[in-house]
Amino acid sequence: QVQLVESGGGLVQPGGSLRLSCAASGTFFSIYSMGWYRQAPGKQRELVATINSGGSTNYADSVKGRFTISRDNAKRTVYLQMNSLKAEDTAVYYCNRLPFADWGQGTQVTVSS
């Protein structure tokens, strides 16, 4: 049973930065692609970024050039560095592997002045 625990969210002003972390339990972490997702109030959950086992990354157009996904297989952790944050980035952020495991509790990111 894989458990995913997200952390690092908070309140930040527009233009600010945050670094999210997602710690995964279980074995074989390194073979899975991992992704960050977000869900804003009243909206569906959307994909933000993915990183595969080889380190190749993909990003939603809305975050390209501002967000960076990375992973540390030894720590079984995936990160999301978020820079130049905008109000529209406000959401609960989740991580998951592919194929999906049970969702964690997420971490709230609020961008507001």
**Q** Can you tell me if Asn58 uses its side chain to pair, donor with acceptor, with the backbone of Thr50 under 3.5 Å?
**A**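 No.
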**Q** State plainly whether one hydrophobic cluster holds both Leu20 and Val12, where clusters connect Ile, Leu, Val, Met, Phe, Trp and Tyr through side-chain heavy atoms under 4.5 angstrom apart.
**A**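 In one cluster: yes.
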**Q** What distance do Ser25 atom OG and Leu4 atom CG have between them, rounded to the nearest 0.5 Å?
**A**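 With rounding to 0.5 Å, OG (Ser25) is 7.0 Å from CG (Leu4).
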**Q** Can Arg97 be said to sit on top of Phe29's aromatic six-ring, NZ or CZ under 6.0 Å from centre and within 45° of the ring axis?
**A**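 Arg97 over Phe29 ring: no.
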**Q** Is there a donor-acceptor contact under 3.5 Å from the side chain of Asp72 to the main chain of Lys75?
**A**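 Answer holds: yes.
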**Q** Quick one: CE on Met34 to OG1 on Thr77, what's the gap to the nearest 0.5 Å?
**A**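 Nearest 0.5 Å value for the CE-OG1 distance: 9.0 Å.
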**Q** Hey, does Tyr93 have a side-chain heavy atom less than 4.5 Å from the side chain of Cys22?
**A**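 They are not in contact (no side-chain heavy atoms under 4.5 Å apart), so the answer is no.
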**Q** Calculate, to the nearest 0.5 Å, the distance between atoms OG and CD1 belonging to Ser70 and Ile51 respectively.
**A**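 Going from OG on Ser70 over to CD1 on Ile51, the span is 6.0 Å.
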**Q** With side chains defined as the heavy atoms from C-beta onward, is the minimum distance between Tyr94 and Gln39 less than 4.5 Å?
**A**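 Side chain of Tyr94 against side chain of Gln39, heavy atoms only: contact under 4.5 Å found.
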**Q** Roughly how far, to the nearest 0.5 Å, is CD1 of Ile31 from CG of Asn52?
**A**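 Going from the CG atom of Asn52 to the CD1 atom of Ile31 covers 12.5 Å.
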**Q** Between the side chain of Thr90 and the main-chain N/O of Thr110, is any donor-acceptor distance below 3.5 Å?
**A**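 Pair absent, no side-chain N/O of Thr90 close to backbone of Thr110.
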**Q** How about Thr107 and Val92: do any of their side-chain heavy atoms sit closer than 4.5 Å?
**A**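 Answer no - side chains too far apart.
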**Q** Find out whether Arg66 and Tyr59 are in side-chain contact, i.e. whether some heavy atom of one side chain is under 4.5 Å from a heavy atom of the other.
**A**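 Side-chain contact under 4.5 Å: no.
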**Q** Could you go through Arg45 and Trp103, starting from their C-alpha distance and side-chain angles, then the distance that decides it, and tell me whether this counts as side-chain contact (heavy atoms from CB on, under 4.5 Å)?
**A** CA-CA 12 Å; Arg45 192 170 297 177; Trp103 292 93; 2.7 Å; yes
**Q** Run Phe67 and Trp36 through ring-ring contact (aromatic ring centres under 6.0 Å, His included) and show every step you take.
**A** CA-CA 11 Å; Phe67 290 10; Trp36 281 98; 9.9 Å; no
**Q** Between Gln105 and Glu6, is there a donor-acceptor pair closer than 3.5 Å when you use the side chain of the first and the backbone of the second?
**A**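 Here the side-chain-to-backbone pair exists.
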**Q** Rounded to the nearest 0.5 Å, how far apart are CG of Leu80 and CZ of Arg71?
**A**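 Here the rounded value is 14.0 Å.
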**Q** Would you say the side chain of Arg76 lies within less than 4.5 Å of the side chain of Val2, judging by non-hydrogen atoms?
**A**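 Val2 vs Arg76: side chains apart.
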**Q** Say you draw a straight line from OG of Ser17 to CE of Met82; how long is it, rounded to the nearest 0.5 Å?
**A**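 The distance works out to 8.5 Å.
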**Q** Please determine if Lys86 and Asp89 form a salt bridge, counting it only when a charged side-chain N lies under 4.0 Å from a carboxylate O.
**A**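 No, this pair does not count.
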**Q** What closest approach, in Å, do Ser113 and Pro14 show between heavy atoms, and which atom pair accounts for it?
**A**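 Taking every non-hydrogen atom into account, N-CD, 3.7 Å.
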**Q** Are Phe100 and Tyr37 close enough that their ring centres sit under 6.0 Å apart?
**A**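 So the answer is yes for these two rings.
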**Q** Is it the case that atom CD in Gln3 sees more than 12 heavy atoms from other parts of the structure closer than 6.0 Å?
**A**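 Not more than 12 within 6.0 Å, no.
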**Q** Would you call Asn83 and Leu18 a side-chain contact if the rule is heavy atoms closer than 4.5 Å?
**A**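 Counting from C-beta outward, Asn83 and Leu18 never come under 4.5 Å.
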**Q** Keeping the roles fixed (side chain from Ser53, backbone from Ser33), state whether a donor-acceptor pair exists under 3.5 Å.
**A**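 Checked: no pair found.
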**Q** Distance to the ring centre below 6.0 angstrom and angle to the axis at most 45 degrees; does that hold for Arg19 and Tyr79?
**A**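 Yes, a cation-pi geometry holds between Arg19 and Tyr79.
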